Amino acid sequence: MKGALFDLDGVLTDTARYHFTAWKALIQKHFQLELPASLETQTKGVSRQDSLRAILTYLNLDVSASKFAELAAEKNELYKESLATLSSQDILPGITNLLADLKAHQVKVALASASQNGPFILAKLQLTAYFDAIVDPTKVAHGKPAPDIYLTAASALDLAPSDCVGFEDAVAGIAAINSATAVSIGIGSANELKQADKLFASTQDLKYDLIEQVWQAKHLAKN
Ligand code: BG6
Ligand code: MG
């Protein structure tokens, strides 16, 4: 393993739930409608715009382009309010140790998050220094589940995707890692993330040696 490609929301920190809370508040305010919890899976890992599209389709709502832009901007404001107190205390368990161990083993590290708030959140978590590259999701042609962001992340590290592992908590993210031909590490439940090469229930189980073994096993199986 030469590279580690990280999703952000739900992997480095528990911000995934704040996204959906913001969507729920927005839809309640503008349309007086409740979003079911089951819709969260469809908005995880996908861009702000793709999330809004999925929500409007689910609700059978059609809005003008300007209303769409207004809703997306307002959701981001709501979301950013919930980040006000975010700090290094909010890094998920095991993540700082893992990043430090990856560095110690000269494994390069990149951020492959669909979030345009990625650099802001990394700074708040005081994790920026661990990252050799941060992909700008607005420069990537196709969002997750397409492989583009993981391909771009590997190439930003000057590595082949197959030399990398990717860490994800979302179905769309695991699909993106798999189609990029990197090794996929899922964090979450087996029901949702069955396509992951290896699944961990919690970030605290992510240990460098185990991840290296998962990469080796997949690599040996292929060669
Ligand atoms: C992903 C989240 O990391 O970022 C999605 O899983 C979110 O839920 C996406 O829609 C885009 O985030 P942002 O911060 O650019 O609105
Ligand atoms: Mg995520």
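Since the structure is predicted, the reported quantities are computational estimates derived from the model, not experimental observations. Each residue takes its place number in the sequence, starting with 1. In listed order, ligands and their atoms are each counted from 1.
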Quiz item: Does A16 come within less than 4.0 angstrom of ligand 1, counting non-hydrogen atoms of the residue?
Solution: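 Flag not set, A16 not near ligand 1.
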Exercise. Give a yes/no verdict on whether any heavy atom in S113 is under 4.0 Å from an atom of ligand 1.
Key: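 It does; at least one heavy atom falls under 4.0 Å.
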Atoms of ligand 1 less than 4.0 Å from [X] heavy atoms?
X    : answer
D9   : 1 (C), 2 (C), 3 (O), 4 (O)
N117 : 13 (P), 14 (O)
S51  : 10 (O)
S47  : 10 (O)
Q116 : 13 (P), 14 (O), 15 (O)

Tell me, which protein residue and heavy-atom name are nearest [atom], and how many Å apart are they?
atom                    : answer
atom 16 (O) of ligand 1 : R48 NE, 2.7 Å
atom 6 (O) of ligand 1  : G45 N, 2.8 Å
atom 8 (O) of ligand 1  : T43 O, 2.8 Å

Mark yes or no for whether [X], through its side chain, and [Y], through its backbone, hold a donor-acceptor pair below 3.5 Å.
X    : Y    : answer
Q126 : A123 : no
K144 : S113 : no
D132 : V109 : yes
D197 : K218 : no
N76  : A73  : no

Quiz item: Closest to the Mg ion (ligand 2), which N/O/S atom of D9 is it?
Solution: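 It is O of D9.
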Quiz item: When you look for heavy atoms under 4.0 Å from ligand 1, do you find them on the side chain of V46, its backbone, both, or neither?
Solution: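 Backbone only.
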Practice problem: Could you see which bit of A170 sits under 4.0 Å from ligand 1, with heavy atoms only: side chain, backbone, both or neither? | Solution: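 A170 to ligand 1: no contact under 4.0 Å from either part.
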Quiz prompt | Which atom of F31 lies closest to which atom of V63, heavy atoms considered | solution =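 Taking F31 first and V63 second, the nearest heavy atoms are CZ-CG1, 4.1 Å.
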Quiz item: Around atom NZ of K103, are there more than 12 heavy atoms of other residues, nucleotides or ligands at under 6.0 Å?
Solution: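 Counting other residues, nucleotides and ligands, NZ of K103 exceeds 12 neighbours.
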Exercise. Might you confirm whether atom NE2 of H30 has over 12 heavy atoms from other residues, nucleotides or ligands at distances under 6.0 Å?
Key: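 Atom NE2 in H30 is packed in, count exceeds 12.
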Exercise. Output, in order, the C-alpha distance, side-chain angles, deciding distance and verdict of ring pair (Phe, Tyr, Trp, His ring centres under 6.0 Å) for Y18 and Y79.
Key: CA-CA 6 Å; Y18 296 144; Y79 173 62; 7.0 Å; no
Quiz prompt | salt bridge (charged side-chain N to carboxylate O under 4.0 Å, His left out), paired with E74, selected from K80, K29, K67, R48 | solution =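 So, applying the salt bridge (charged side-chain N to carboxylate O under 4.0 Å, His left out) to E74 and each of K80, K29, K67, R48, only K29 qualifies.
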Self-check item: Opening angle between OD2 in D7 and OD1 in D169, taken at the Mg ion (ligand 2), to 10 degrees
Solution: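 So the angle at the metal works out to 90°.
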Quiz item: Of the backbone and side-chain N, O or S atoms of E168, does one lie nearer to the Mg ion (ligand 2) than 2.8 Å?
Solution: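 Looking at E168, which is the residue asked about, there is no N, O or S atom under 2.8 Å from the Mg ion (ligand 2).
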